[in-house]
Undergrad: 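One structure is given below, represented as structure tokens, and several questions about it will come after.
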Amino acid sequence: MLILAFLFFIGSVSGWVLELLFRRFISSANPERKWINPGFCTGPYLPIYGCGLCIMYLIASMEKFNMITDPFWNKIVLFIFMSVCMTAIEYIAGIVSLKHTKVRLWDYTKEWGNIQGVICPKFSLIWAILGAVYYFFIHPYILDALNWLSNNLAFSFFIGLFFGFFIIDVVNSAQIVAKLKKYAEENNVVVRYETIKADIRKRYDERKQKYHFFRPFRTELPLTEHLNDLFNQNKRRIKK
């Protein structure tokens with residue numbers, strides 16, 4: 001369990017950095033190229049990447065069983081399997097949030113071949129590429145790191161500290177989602193998590209006020225009033 005906890009920690013933090021850079025420099029959803037804190041939590045970690053790294057580690061460790069005799073095709077199947085597993089995790093997390101809380105954590109509705117705006121071929125391919133990058137450039141070093149960890153168990157203190165902050169963050173983020181869920185149910189709408197954060201960031205910039213990067217839902221108005229204002233703006237934009 002300590003090994004998986006370590007991998008979850010490394011994957012969550014690394015994934016947060018990847019998403020931060022992707023949204024800042026590549027994502028079409030951020031045309032202003034602003035720094036926006038990605039993900040469900042407010043801290044520098046994304047749990048889906050932590051789960052993903054654990055799964056990639058377990059799948060890569062299965063290679064010794066030689067599912068296919070040809071080494072090349074064996075690796076191709078391995079990467080496809082990683083992509084399928086990661087896409088499944090992405091779908092389950094996205095659809096549970098969408099159906100249970102009426103909060104869309106991410107939006108692929110404009111991507112070709114998307115399913116319910118939660119998964120799409122483009123990002124499944126990215127998962128496969130990340131799987132290959134992990135296998136060739138990270139997995140061997142992770143094995144070395146795990147050997148180091150087994151000989152330096154004091155490092156487990158820092159992993160425990162991480163999970164302490166992580167649990168507090170998840171509870172706090174869940175309270176925000178509960179408010180968004182209540183608003184969505186009362187107004188019969190689907191709330192887009194990242195759109196709200198981007199809009200709050202935009203308003204801070206327009207007023208030349210300090211933006212709270214690690215408190216992306218902090219607004220001068222109560223969150224409900226901010227949501228009303230945002231949805232009214234969207235309605236006026238659609239009517240035009």
Side-chain angles (χ1 to χ4, degrees), residues 1-25 27 35-62 82 85-94 96-97 100-101 103 105-106 123 126-127 129-131 133-180 193-194 196-197 200-201 211-218:
M1 287 300 295
L2 183 59
I3 289 175
L4 292 179
F6 175 70
L7 291 173
F8 182 86
F9 161 66
I10 295 297
S12 297
V13 175
S14 300
W16 183 86
V17 173
L18 284 175
E19 283 284 344
L20 181 68
L21 295 176
F22 173 79
R23 295 174 190 227
R24 173 65 175 80
F25 297 107
S27 176
W35 291 103
I36 298 176
N37 188 356
F40 169 78
C41 298
T42 58
Y45 31 74
L46 288 175
I48 191 170
Y49 281 89
C51 294
L53 185 58
C54 291
I55 287 175
M56 287 181 182
Y57 165 76
L58 294 173
I59 294 174
S61 301
M62 292 170 54
M82 288 179 178
C85 289
M86 287 304 303
T87 300
I89 291 175
E90 192 174 33
Y91 181 78
I92 292 170
V96 167
S97 175
H100 178 65
T101 66
V103 174
L105 293 176
W106 56 84
F123 283 90
I126 290 175
W127 286 125
I129 294 172
L130 288 176
V133 170
Y134 165 79
Y135 177 85
F136 288 113
F137 300 104
I138 301 175
H139 188 63
Y141 300 101
I142 278 186
L143 295 179
D144 292 339
L146 295 179
N147 289 330
W148 178 87
L149 181 64
S150 65
N151 296 320
N152 297 270
L153 293 179
F155 187 70
S156 62
F157 167 78
F158 294 99
I159 298 177
L161 191 64
F162 161 77
F163 276 98
F165 284 113
F166 175 72
I167 291 171
I168 293 172
D169 196 339
V170 168
V171 171
N172 178 65
S173 299
Q175 293 175 346
I176 294 174
V177 170
K179 294 178 181 178
L180 297 178
Y193 205 72
E194 296 299 329
I196 297 169
K197 288 197 291 187
I200 292 173
R201 173 63 192 267
Y211 173 67
H212 303 273
F213 184 78
F214 286 108
R215 299 180 66 185
F217 285 94
R218 179 176 177 178

Undergrad: Quick check on Phe25: does its CZ atom have over 12 non-hydrogen neighbours (other residues, nucleotides or ligands) under 6.0 Å away?
TA: yes
Undergrad: What pair of heavy atoms forms the shortest contact from Glu19 to Leu46, and how long is it?
TA: CG-CD1, 3.2 Å
Undergrad: For Phe158, does the CZ atom sit with more than 12 other heavy atoms under 6.0 Å from it, leaving out its own atoms?
TA: no
Undergrad: Pair Trp106, Tyr91 - check ring-ring contact (aromatic ring centres under 6.0 Å, His included), show working.
TA: CA-CA 11 Å; Trp106 56 84; Tyr91 181 78; over 10 Å; no
Undergrad: On a heavy-atom basis, which atom in Cys41 and which in Ser173 lie closest, and how many Å separate them?
TA: CA-OG, 3.4 Å
Undergrad: Quick check: closest heavy atoms across Asn37 and Thr42, and the distance to 0.1 Å?
TA: ND2-O, 2.6 Å
Undergrad: Hey, could you give me the CD1/SG distance between Ile10 and Cys54, rounded to the nearest 0.5 Å?
TA: 10.5 Å
Undergrad: Quick one: are the ring centres of Phe163 and Phe8 less than 6.0 Å apart?
TA: yes
Undergrad: Can you confirm whether Arg215 is buried at CZ, in the sense that more than 12 heavy atoms of other residues, nucleotides or ligands lie under 6.0 Å from that atom?
TA: no
Undergrad: Quick check on Phe157: does its CZ atom have over 12 non-hydrogen neighbours (other residues, nucleotides or ligands) under 6.0 Å away?
TA: no
Undergrad: At what distance, to the nearest 0.5 angstrom, does CZ of Phe123 lie from OG1 of Thr87?
TA: 11.0 Å
Undergrad: Contact between Lys179 and Phe217 at the side-chain level, heavy atoms closer than 4.5 Å - yes or no?
TA: no
Undergrad: Which label fits Tyr135 and His139: parallel for a plane angle under 30°, tilted from 30 to 60°, or perpendicular past 60°?
TA: parallel
Undergrad: Taking all non-hydrogen atoms of both residues, which atom of Gly43 and which atom of Asp169 are closest, and how far apart?
TA: N-OD2, 2.6 Å
Undergrad: Got a second to check how far Leu21's CG is from Trp35's CH2, nearest 0.5 Å?
TA: 5.5 Å
Undergrad: Are Phe9 and Leu4 side-chain neighbours, meaning at least one heavy-atom pair lies under 4.5 Å?
TA: no
Undergrad: Could you tell me whether the side chain of Ile89 reaches within less than 4.5 Å of the side chain of Ile48, counting heavy atoms only?
TA: yes
Undergrad: Apply ring-ring contact (aromatic ring centres under 6.0 Å, His included) to the pair Phe162 and Tyr45, showing each step before the final yes or no.
TA: CA-CA 10 Å; Phe162 161 77; Tyr45 31 74; 5.5 Å; yes
Undergrad: Please name the pair of heavy atoms, one in Met56 and one in Met82, separated by the smallest distance, quoted to 0.1 Å.
TA: O-CE, 3.7 Å
Undergrad: Determine the minimum heavy-atom distance between Lys197 and Gly39, stating which atoms define it.
TA: NZ-O, 2.9 Å
Undergrad: Give a yes or no on whether the backbone of Ser14 and the side-chain of Tyr49 come within a donor-acceptor separation of less than 3.5 Å.
TA: no
Undergrad: Do Tyr134 and Tyr57 have side chains that approach each other closer than 4.5 Å (heavy atoms only, starting at C-beta)?
TA: yes
Undergrad: When the ring planes of Phe214 and Trp16 are compared, do they come out parallel, tilted or perpendicular, using 30° and 60° as the limits?
TA: parallel
